[in-house]
Amino acid sequence: MALSGNDGRRSLLPGAAAVVLVTVFLIVLLRVENQKAIIALLALGIGAVIAANRLGLLKPVARSFSEREDALGLLAIGATLAIGAVFHEDHFVLLLVCTVVLYTVATLGLSVQFGYAGVLNFAGASFFGIGAYAAAVLNQHTAIPHLLVLLIGGLMAALAGSLLLLPVLRTRGHYAAVVTIAFALLFKTFLEVNDVLGGPQGLQVRGMTILGWSFNENIEIGGIELSFYLNYFAMSMMILVLAFVVVRRLERSWIGLNLDALRLDETAAGCFGLNIVRWKVTAFLLGNFLIGVAGTLHGMVVGFVQPNNYTFADSLVLVSILLLGGIGNPWGVAVATVIVVIVPEKLQVIQEYRFLLYAALVVVVLLFRPEGLLPRPVRRYFSGWQP
Amino acid sequence: MTQNPAPREELPLVLEARGLTRRFGGVLALDRLDLDVARGEIVGLIGPNGSGKTTFFNVITGIYWADAGHVSFDGAEITRATPQAIYHAGVARTFQRSRLSLPLSIFDNIMIGNHKRLNQGLWFNLVRRQAFRAEFEHSFAEAQALVEVFDPPLARRMLEPVAGLPMIDRRRIEICRALISRPQLLLLDEPSAGMTHEETSQLMDDILEVRKRLEGLSIVIVEHEMGVIERITNRCVVLNFGRKIAAGTFAEIAADRMVQEAYLGLK
Ligand SMILES: Nc1ncnc2c1ncn2[C@@H]1O[C@H](COP(=O)(O)OP(=O)(O)OP(=O)(O)O)[C@@H](O)[C@H]1O
Ligand SMILES: [Mg+2]
């Protein structure tokens with residue numbers, strides 16, 4: 001049903017205001033170097049969110065996102081591009097932003113697996129790593145176009161994931177999770193002892209080139225020098241938008257419903273014709289594909305791969321992002337990734353303790369807000385649709 | 001009071017169970033049970049606690065396999081079929097302990113039951129969003145109309161999660177979930193559990209009302225309240241220790257000595 005112009009503007013406003021405020025906050029946070037100032041900023045941010053929650057300001061924001069998601073999505077893309085523009089010559093910040101964007105893609109993959117199908121995957125970083133190693137090997141030894149390499153990296157992660165399909169399908173609950181942990185540990189060991197893949201030192205990854213356009217060269221437009229990371233930033237954003245749309249549409253379809261149904265009650269779902277195996281496999285492979293694509297591009301962004309980047313601890317970070325953000329809510333995943341990736345980078349005091357901090361954060365969230373920061377709302381098949 | 005018990009011989013059989021046996025360890029939950037359901041018939045399945053009523057439903061719907069015996073549905077053998085295949089053949093059920101997906105909306109829960117009538121293709125769902133939207137809106141209207149038969153106010157809350165609803169509404173939604181795919185056979189396992197006398201009576205009226213619209217729907221209902229059984233069934237089957245101890249119209253089985261001892265006497 002069409003909203004009247006006035007209503008439409010009103011429901012758009014809270015969401016738009018939230019996007020703008022968060023963007024401004026992030027720009028300031030990324031700009032500031034002084035550690036005390038950063039601590040003050042973070043305290044301010046946390047305080048503001050708590051206060052907004054108390055004052056009931058977050059409800060209209062949530063409503064606005066559920067009713068005007070398409071418009072707010074465009075705004076969020078614009079805001080992210082604005083961040084890129086502000087830091088157009090800052091290698092460090094742009095690399096960080098690329099990491100946030102690609103981690104978001106990876107956690108969207110996990111979200112399909114765990115949030116929808118209920119398959120807990122503790123080897124997220126391994127599938128991310130498979131993509132990155134695929135980039136290293138293929139860019140070095142073959143002339144495969146790099147866009148295709150992204151696809152192949154994703155497919156290889158999905159293929160490797162299919163090794164786990166049997167246990168994932170056969171066992172229920174925790175056993176499947178244990179199998180993925182075993183995979184994560186084996187994967188790292190496999191990389192370390194594998195000389196072809198560079199052993200513990202890892203491999204260099206050649207940067208991306210598309211139709212002769214080398215991503216690893218700084219861009220010059222009208223005398224202004226732009227960081228080469230802007231290339232990667234643009235590419236990462238495109239992948240994120242695609243992934244977001246796919247995951248969103250998946251949730252808002254009969255397939256999303258199937259996945260919820262089998263997660264919540266396999267027996268009842270089976271009594272209504274649902275093919276459990278088909279949909280679990282679909283979710284698991286699609287999830288790993290997304291993680292793999294993100295990892296492939298990330299490998300090209302950072303320029304090297306080594307076993308230490310794809311450990312079980314990194315997989316845990318991905319899972320903690322999911323728990324923190326709100327299981328099954330893609331917006332929550334995006335917000336949580338921003339927090340988990342950016343805060344430790346900016347706040348050097350906690351760098352060393354960041355795993356401890358993640359653990360504490362997850363415990364706190366599970367205790368006080370078990371559904372995550374942005375709980376998943378009831379399914380709306382089309383944003384703004386009213387009966 | 002019984003609603004026109006039709007002369008059975010004329011009606012084709014929808015469900016035919018022969019010699020169904022199911023053991024759980026030492027317990028014989030079903031003991032060589034023969035049970036037929038004719039098209040359009042409402043059969044009451046009664047018996048004391050633990051007499052095998054739910055097990056019968058679980059075996060029919062493929063959740064458990066029978067240790068011995070055969071089941072055929074609409075002329076086709078379904079003894080070893082999967083729950084999925086049995087649903088596709090046209091059997092739908094409710095559960096004794098309500099098994100809705102609580103975080104999902106009323107509409108979502110009903111659509112779970114509509115699985116076979118929805119396009120499940122990846123391409124259709126992800127890419128052809130206009131076509132998907134048409135199917136969605138059509139299904140929404142259909143589900144809403146079905147809920148309306150049971151409770152018009154509930155039909156205006158289709159997008160609310162089931163978790164917050166009282167038991168009677170949950171039971172209604174479970175029945176709608178089973179009916180939305182237009183099955184030929186509906187298995188109701190104590191649909192009125194946890195309801196008051198008036199609510200039960202209301203629910204039964206609603207079920208009869210829906211049945212009028214679904215041509216030839218057969219129902220097997222497990223129900224402890226004898227008034228309900230008397231009012232809505234054409235025929236009853238009485239189980240005890242997994243065995244059929246009596247069958248016939250309610251008046252016939254109510255007069256049966258063995259039934260009185262095994263069941264009615266205890267109640
Ligand atoms: N999954 C199972 N495992 C072990 N025993 C079972 C199982 N399901 C049923 N039984 C046993 O089979 C017998 C029949 O149980 P069933 O649930 O079919 O009875 P019922 O007639 O539905 O009883 P109620 O009126 O209490 O629902 C009982 O003795 C029960 O303990
Ligand atoms: Mg029972």
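Since the structure is predicted, the reported quantities are computational estimates derived from the model, not experimental observations. The chains referred to below are lettered A, B, ... by the order of the sequence lines, with proteins before strands, and numbering in each begins at 1.
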Pairs of heavy atoms under 4.5 Å with chain A: top-ranked of [options]:
options	answer
Glu160(B), Glu135(B), Met158(B)	Glu135(B)
Arg177(B), Glu137(B), Arg93(B)	Arg177(B)
Leu159(B), Leu118(B), Val127(B)	Leu118(B)

Exercise for the section: Identify the residue among Ile321(A), Ile291(A), Leu290(A) that makes a side-chain contact (heavy atoms from CB on, under 4.5 Å) with Thr107(A). Expected result: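 When side-chain contact (heavy atoms from CB on, under 4.5 Å) is applied between Thr107(A) and each of Ile321(A), Ile291(A), Leu290(A), only Ile321(A) qualifies.
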
What part of [X] gets closer than 4.5 Å to chain B, counting heavy atoms only: side chain, backbone, both or neither?
X	result
Asn275(A)	backbone
Arg252(A)	both
Arg278(A)	side chain
Phe382(A)	side chain

Side-chain donor-acceptor contacts of residues 141-154 of chain B below 3.5 Å, not counting sequence neighbours, with atom names and distances?
| from | atom 1 | to | atom 2 | distance (Å) |
| --- | --- | --- | --- | --- |
| Glu142(B) | OE1 | Arg117(B) | NH1 | 3.4 |
| Glu142(B) | OE2 | Arg117(B) | NH2 | 3.0 |
| Gln144(B) | NE2 | Ala155(B) | O | 2.7 |

For [X] and [Y], indicate whether the former's side chain and the latter's backbone hold a donor-acceptor pair under 3.5 Å.
X	Y	result
Lys53(B)	Leu239(B)	no
Gln84(B)	Leu274(A)	yes
Ser64(A)	Ser11(A)	yes
Arg369(A)	Leu373(A)	yes

Problem - Under 4.5 Å from any heavy atom of chain A - which part of Arg156(B) - result: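 Neither part; nothing is under 4.5 Å.
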
Handout entry: Side chain / backbone / both / neither for Ser139(B) at chain A, heavy atoms under 4.5 Å
Key =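 Contact with chain A: side chain only.
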
Problem - Over all atoms of both residues, closest heavy-atom pair of Phe56(B) and Leu45(B) - result: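 Here Phe56(B) and Leu45(B) meet closest at CD2-CD2, 3.7 Å.
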
Problem - Salt-bridge present (Arg376(A), Glu251(A); N to O < 4.0 Å) - result: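 Glu251(A) and Arg376(A): salt-bridged.
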
Problem - Lys/Arg N to Asp/Glu carboxylate O, Arg18(B) vs Glu16(B), below 4.0 Å - result: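 Answer for the salt bridge query: yes.
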
Using a cut-off of under 4.5 Å on heavy-atom pairs, state which of [options] scores highest against chain B.
options	result
Asp260(A), Leu250(A), Leu264(A), Val245(A)	Leu264(A)
Cys271(A), Ala269(A), Ala261(A)	Cys271(A)
Leu257(A), Ile276(A), Val246(A)	Leu257(A)

Practice task
Could you please state which residues from residues 94-116 of chain B sit under 4.5 angstrom from chain A, measuring non-hydrogen atom to non-hydrogen atom, sorted by number, or 'none'?
Solution key: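 Answer by number: Phe95(B), Arg99(B), Ser101(B), Pro103(B), Leu104(B), Ser105(B), Phe107(B), Asp108(B), Met111(B), Ile112(B), Gly113(B), His115(B).
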
Practice task
Please work out whether the ring planes of Trp385(A) and Phe136(B) are parallel, tilted or perpendicular, with thresholds of 30° and 60°.
Solution key: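 The arrangement is perpendicular - the two ring planes meet at more than 60°.
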
Handout entry: Parallel, tilted or perpendicular, as decided by the 30° and 60° cut-offs, for the rings of Phe24(B) and Tyr64(B)
Key =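 Taking Phe24(B) first and then Tyr64(B), their aromatic rings stand perpendicular (interplane angle over 60°).
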
Handout entry: Donor + acceptor pair across side chains of Asn125(B), Gln120(B) (<3.5 Å)
Key =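 Absent: no donor and acceptor within the cut-off.
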
